[in-house]
Amino acid sequence: MANTIRLYLTCIRNTLEAAMCLQNFPCQEVERHNKPEVELNTSPGLIMNPVLICRNEAEKCLIETSINSIRISMKVKQADELENILAKKFLRFLSMRAEAFQVLRRKPVQGYDISFLITNYHCEEMHKHKLIDFIVQFMEDIDKEISELKLSVNTRGRLVATEFLKQFI
Amino acid sequence: MILLQSPSRFLLQILHDRLLSQDKGVDIDCQTVEFDDVRYHIQVSMRNPKVLVLSVALPLPPEEAASFDGLPFGAIEAIKAAYGPVVQILDPPKDGFDLTLKINLAKLPSDEEQKNAILLQIASIREVVLGAPLKILLKNLSMKTVGPEAGQPVALVHRPNESFFVVPQADKATVVYPMRFLDSIDIVLATSFLQEFVEARRTAALNNAPACMWSQSPPPELKGAPESALTANAGFVTFVVNPRHVEGKKLDRTVWNLLTFHAYVSYHVKCSEGFMHTRMRRRVDTLIQALDRAKSDAEKLKKMVTGPSFKKWFVI
């Protein structure tokens, strides 16, 4: 079970390396506008086939590419009620700070928990392989953070309960 | 501070300051609010520097918790027993409050230790007044007698418009709390905390603690209770208190702990949420640093030279 995360992340990394060939493309419909084509979804000639990578039913990753932008959407594992609210809280926290992250989308795509939007400008500013490193590390960090938050809640609960019950002895 | 303390820091501070400043000092007229809607109003005027007037407002009791003249059952006797001649109850209480006391500092015992003990007791006025009915029930338990309400759930106030239930019997007392929270995140966190209580009780070290159970639906002990009290979004917690837990010196501590159980859980749920926010902010900082590493050196150099704010970069 522990090995599948490595395979999952390697698969995502390889797909991103293949898909991230972005070039500047001015908008075809409106003069002097430059929009991320993956968000508009107007012209089929500019959009490539989306790739869906599933680790299991609960976790999956959708990668949609176009000529000047790429959109990566993730669904995070949520086993029980507590993990559900922790994930929702944490991802909303991150999405609200999308400005600071630059490549993060403010609202996740329908059906997913978090989305990235990378345009050709980002690729010009930043090294492509480092950008992919960042995305993969982000995914790993989210999983780690949620399990650590859950652990801290359980530990604190145990401590609080022990202190309370010790008062009666 | 993991456990909630019985004496109110606010009252203790004012009492000590008043004692230290003897005949000098200024008039005091302060109000404060504590958790679960308990308000204090303390007044000292320099015309009578040895006399303090303390008014206390208590949480609004729901219909099923009986109250005599706005005070819990047995509160007046408890006050007289705890403070003796130092404190006098003023009737009627001040407007907007449930209880007004006149504290005469001249009547404090001269022995330093006894004086501090009485001041500590005065600062614990909340435990004395709100805990009076619970103390009576548990005292009966320690003497292995039962009052007229044996076997029936007795409703006692611990939060505004909410009560918890005590079912007194000859050899044990069962205390049931319907746990209610307003926020949906609080409900989930509290449920996981309460389940930890049940788990923690099972460890060998806590064998002498009261037996602890949690259930989503009202437990059978609450059969006689009114309908409105039987809805709880974070389940029901049951403690079984034995005479061993309420003998002698342990009685006061047990009363305080049972009285403030809901506030204790709520306090730790909020601490937990605060801690989670701190963690998340730290994680965001780490991720942004990782993103900065992805920027090419040319970009960083451009920003360093042209940007208005100077950050220390070591460009190797």
Side-chain angles (χ1 to χ4, degrees), chain A residues 80-86 88-104 118 122-142 144-146 148-150 152-169, chain B residues 2-3 184-185 187-201 203 205-210 212 239 241-242 244-246 250 253-254 256-258 261 264-265 267-269 271-273 275-277 279-281 283-288 290-299:
Chain A
D80 57 17
E81 192 61 43
L82 184 60
E83 268 188 33
N84 200 352
I85 61 147
L86 288 177
K88 237 189 339 202
K89 212 172 163 56
F90 184 50
L91 293 173
R92 230 193 71 194
F93 195 87
L94 290 174
S95 303
M96 287 208 287
R97 286 157 178 75
E99 189 84 17
F101 278 108
Q102 296 176 21
V103 291
L104 200 60
I118 305 179
H122 294 141
C123 288
E124 283 163 25
E125 273 178 8
M126 309 187 227
H127 295 295
K128 179 176 136 179
H129 57 280
K130 291 223 176 102
L131 197 52
I132 296 178
D133 277 345
F134 170 72
I135 303 267
V136 171
Q137 191 198 342
F138 195 98
M139 293 184 173
E140 262 183 288
D141 274 355
I142 290 183
K144 227 190 317 182
E145 187 68 26
I146 292 179
E148 276 175 22
L149 283 175
K150 181 171 181 194
S152 84
V153 167
N154 286 338
T155 314
R156 184 185 283 262
R158 183 62 60 100
L159 187 64
V160 159
T162 314
E163 278 306 311
F164 184 78
L165 292 172
K166 265 207 302 216
Q167 288 292 300
F168 293 94
I169 299 184
Chain B
I2 297 187
L3 299 163
S184 58
I185 297 184
I187 296 175
V188 176
L189 283 175
T191 313
S192 89
F193 270 35
L194 295 173
Q195 281 162 340
E196 284 296 329
F197 269 86
V198 180
E199 289 293 319
R201 169 63 178 69
T203 64
L206 294 172
N207 256 332
N208 288 331
C212 180
F239 285 104
V241 181
N242 297 329
R244 164 164 41 100
H245 299 128
V246 292
K250 291 197 221 164
R253 208 167 51 177
T254 304
W256 174 250
N257 284 326
L258 291 177
F261 175 68
Y264 179 71
V265 174
Y267 164 59
H268 281 285
V269 163
C271 280
S272 210
E273 286 181 18
F275 176 68
M276 287 200 288
H277 271 271
R279 268 197 81 106
M280 292 197 284
R281 265 184 227 118
R283 183 62 75 166
V284 165
D285 281 337
T286 320
L287 287 171
I288 293 190
L291 189 60
D292 273 343
R293 281 200 295 270
K295 285 209 168 69
S296 75
D297 290 324
E299 281 294 317

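Lettering of chains follows the sequences in order, A, B, ..., and the numbering in each one begins at 1.
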Identify which of I135(A), D141(A), N84(A) forms the greatest number of heavy-atom pairs closer than 4.5 Å to chain B. D141(A)

How far apart are the closest heavy atoms of A100(A) and I288(B), and which atoms are they? CB-CD1, 3.4 Å

Using non-hydrogen atoms only, which part of R97(A) is less than 4.5 Å away from chain B: side chain, backbone, both, or neither? side chain

Proximal component of T254(B), with respect to chain A [non-hydrogen, under 4.5 Å]: both

What part of L291(B) gets within 4.5 angstrom of chain A, counting heavy atoms only: side chain, backbone, both, or neither? both

Go through the atoms of L82(A) and report whether side chain, backbone, both or neither lie under 4.5 Å from a heavy atom of chain B. both

Measure L159(A) against the heavy atoms of chain B and call it side chain, backbone, both or neither at under 4.5 Å. side chain

Picking from L194(B), I185(B), N257(B), N208(B), which has the most non-hydrogen pairs under 4.5 angstrom with chain A? N257(B)

Using heavy-atom distances under 4.5 Å, tell me whether N154(A) contacts chain B through its side chain, its backbone, both, or neither. both

Looking only at heavy atoms, the pair that brings F197(B) and L165(A) closest together is O-CD1, 4.0 Å

Test side-chain contact (heavy atoms from CB on, under 4.5 Å) applied to E196(B) and V160(A), step by step: CA-CA 9 Å; E196(B) 284 296 329; V160(A) 159; over 6 Å; no

To the nearest 0.5 Å, what is the distance between CD (E145(A)) and OG1 (T286(B))? 8.5 Å

Taking the six-membered ring for Trp, are F164(A) and F193(B) ring centroids under 6.0 Å apart? no

What distance separates S184(B) OG from K88(A) NZ, expressed to the nearest 0.5 Å? 7.0 Å

Region of I132(A) in contact with chain B, defined by heavy-atom distances below 4.5 Å: neither

Interatomic distance, CD@E148(A) vs CZ@R283(B), rounded to 0.5 Å, equals 5.5 Å

Could you tell me which of H122(A), K130(A), R158(A) has the largest number of non-hydrogen atom pairs under 4.5 Å with chain B? R158(A)

Determine, for F275(B) and R156(A), whether the Lys NZ or Arg CZ falls below 6.0 Å from the six-membered ring centre while staying within 45 degrees of the axis. yes

Working to the nearest 0.5 Å, report the span between CD1 of I85(A) and CD of E273(B). 7.5 Å

Note, M280(B) side chain near L94(A) side chain (heavy atom, < 4.5 Å): no

In terms of heavy-atom proximity below 4.5 Å to chain A, should L3(B) be classed as side chain, backbone, both, or neither? side chain

Between K89(A) and chain B, which part of the residue has a heavy atom less than 4.5 Å away: side chain, backbone, both or neither? both

Could you tell me whether the side chain of R281(B) reaches within less than 4.5 Å of the side chain of F93(A), counting heavy atoms only? yes

Can you give me the closest heavy-atom contact between Q137(A) and A290(B), atom names plus distance? OE1-CB, 3.6 Å

Engaged part of F90(A) at the chain B interface, taking heavy atoms whose separation is under 4.5 Å: both

Heavy-atom side-chain contact between F168(A) and V241(B) under 4.5 Å: no

Does any backbone or side-chain atom of R244(B) lie under 4.5 Å from a heavy atom of chain A? Answer side chain, backbone, both or neither. neither

Quick one: what part of S152(A) sits under 4.5 Å from any heavy atom of chain B, side chain, backbone, both or neither? side chain

Does R253(B) use its side chain to pair, donor to acceptor, with the backbone of Q167(A) at less than 3.5 Å? yes

Show your reasoning for whether side-chain contact (heavy atoms from CB on, under 4.5 Å) applies to L86(A) and M276(B). CA-CA 9 Å; L86(A) 288 177; M276(B) 287 200 288; 3.1 Å; yes

What option among D133(A), V153(A), D80(A) has the most heavy-atom pairs under 4.5 Å with chain B? V153(A)

